[in-house]
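Because the structure is predicted, anything quoted here is derived from the model rather than measured. The sequence lines fix the lettering, A, B, ..., with proteins before strands; numbering per chain opens at 1.
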Amino acid sequence: MSGDGCVAIASDTRLGQQYQTIAMDVPRMFKMHDRLFLGLTGLYTDTQTLYNLFKFKLSMYKMREGREISPETFANLVSSTLYEKRFGPYFTEPIVVGLDKDNKPYLCGMDLLGALACEPDFVTLGTSTEMLLGACETFYRENMNEDQLFEVVSQTLMMATDRDCLSGWGGVVHIISKEGITTKTIKTRQD
Amino acid sequence: MSMLDSIFGFVGKDFVICAADSTNARSVVVMKDDLDKIKVLDDHKILAMAGEVNSIADLSEYVQKNVMLYSLRTSISLSTAAVANFMRGVIAKAIRSRGGAFQTNMILAGYDEADGPSVYFLDYLGTLHKLNYTAQGLAPLFVMSTMDRHWKEGMDVDEAIQLVKMCISEVRKRVLVQQFKYTVKIVDKDGIRVLDVE
């Protein structure tokens with residue numbers, strides 16, 4: 001979700017196989033650099049595979065170009081990487097969240113084949129995407145500051161995941177601003 | 001995948017302990033009751049496996065030999081974390097390969113000088129996660145709640161054996177399929193030991 005010169009990404013922390021919970025300390029968001037996060041919902045093995053792949057690709061990019069990748073370029077990289085596997089896709093729906101060079105928030109979600117859906121305000125993906133969407137529609141306001149953004153994102157995440165039996169068991173919120181990254185963990189229902 | 005196996009493991013104060021049933025059954029027939037499903041990867045790493053017996057043999061030998069090869073070539077012995085990530089790569093590659101996935105879920109347990117004891121959850125898709133206690137196969141249905149209740153940080157060997165016994169009796173009490181014997185192995189700084197908990 002975007003704010004005024006800041007942007008937030010949040011996820012729950014459950015790792016499960018259908019109704020069996022394996023772990024409750026697994027956030028699905030990865031810091032790609034100081035102003036860019038990648039969120040990977042879906043099949044956890046593909047989450048891990050893709051994170052390793054993008055970490056490698058970004059290291060190569062940084063060495064070649066001598067600079068960090070912009071969020072927009074990265075979103076296109078993720079998209080084309082997913083489309084490469086058009087007929088045997090990775091079962092994951094990624095979110096790319098970051099600040100561009102003018103400190104403007106960049107938000108982009110995509111499906112498992114890499115179809116981009118960039119939004120100015122908020123993007124939701126995962127098992128509780130519909131519930132998250134409703135909560136976002138209700139709480140989102142334009143030009144929120146960091147604290148307001150944190151509050152809205154946390155409440156949204158909690159509302160949605162408490163009503164979804166497959167997600168929850170804690171949450172993590174990252175807020176990216178020009179000063180840096182603030183990470184907060186939130187306590188939620190543990191059942 | 002056959003889900004009739006029970007394996008579980010957890011970390012203790014300065015050791016890890018793993019238990020696996022030793023039944024090998026085809027359909028309703030028990031083929032043998034002394035199958036060791038806890039494979040030894042090197043001096044300080046064990047791999048408990050649940051699933052198809054051919055996958056168990058295939059994957060465990062492949063990993064064990066590669067770990068050995070790496071240490072012979074480089075004189076560096078791999079940490080438990082390194083082996084876990086290596087195995088994840090092998091398994092994740094296999095699920096999208098022509099040969100198909102390894103039909104086995106597993107628990108990797110090891111002891112490192114630097115990091116101490118660790119237990120990793122690893123399934124047939126390549127999902128890897130470090131945990132304090134975990135189970136695979138039939139076992140999690142019954143022993144996860146036992147371990148949720150009774151596992152504590154920094155348990156000593158006696159307490160750990162008590163917990164293993166509790167878990168085994170829980171499985172024996174509630175699982176329809178008879179599980180005759182259990183193999184229990186423990187890893188600490190001195191290496192791997194087989195325990196008799198019966």
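- Ion pairing between a basic and an acidic side chain is recognised when a charged N comes within 4.0 Å of a carboxylate O; A:E68 and A:K62 show such pairing.
- Remark: of the listed residues A:I69, A:L77, A:N76, A:I69 is the sole one forming a side-chain contact (heavy atoms from CB on, under 4.5 Å) with A:T73.
- When side chains are defined from C-beta on, A:W169 does not count as touching A:D12, because their heavy atoms never get closer than 4.5 Å.
- Of residues 27-59 of chain A, those residues with a non-hydrogen atom less than 4.5 Å from any non-hydrogen atom of chain B are, in numerical order, A:L43, A:Y44, A:T45, A:D46, A:Q48, A:T49, A:N52.
- Using a cutoff of 4.0 Å between basic side-chain nitrogens and carboxylate oxygens, B:K13 and B:D156 are not scored as salt-bridged.
- With a threshold of 4.5 angstrom between heavy atoms, A:Y19 does not approach chain B through any atom at all.
- A distance-only check finds no donor-acceptor pair linking the side chain of B:D43 to the backbone of B:G191 [under 3.5 Å].
- Both cation-pi conditions hold for A:K184 and A:F150: the charged atom is under 6.0 angstrom from the six-membered ring centre and inside a 45 degree cone around its axis.
- Side chains of B:L138 and B:V171 form no contact here, defined as non-hydrogen atoms less than 4.5 Å apart.
- Salt-bridge formation is detected for the pair B:K37/B:D21: a Lys NZ or Arg NE/NH1/NH2 atom is positioned less than 4.0 Å from an Asp or Glu carboxylate oxygen.
- Among the residues in residues 71-99 of chain B, those with a non-hydrogen atom closer than 4.5 angstrom to a non-hydrogen atom of chain A are B:R88, B:A92, B:I95, B:R96.
- Put simply, CD1 on B:I17 and CD on B:E159 are 11.5 Å apart, with the number rounded to the nearest 0.5 Å.
- Of the atoms belonging to B:L131, it is side-chain heavy atoms, and not backbone ones, that fall under 4.5 Å from chain A.
- Residues A:P71 and A:V97 fail the side-chain proximity criterion, which asks for heavy atoms closer than 4.5 Å.
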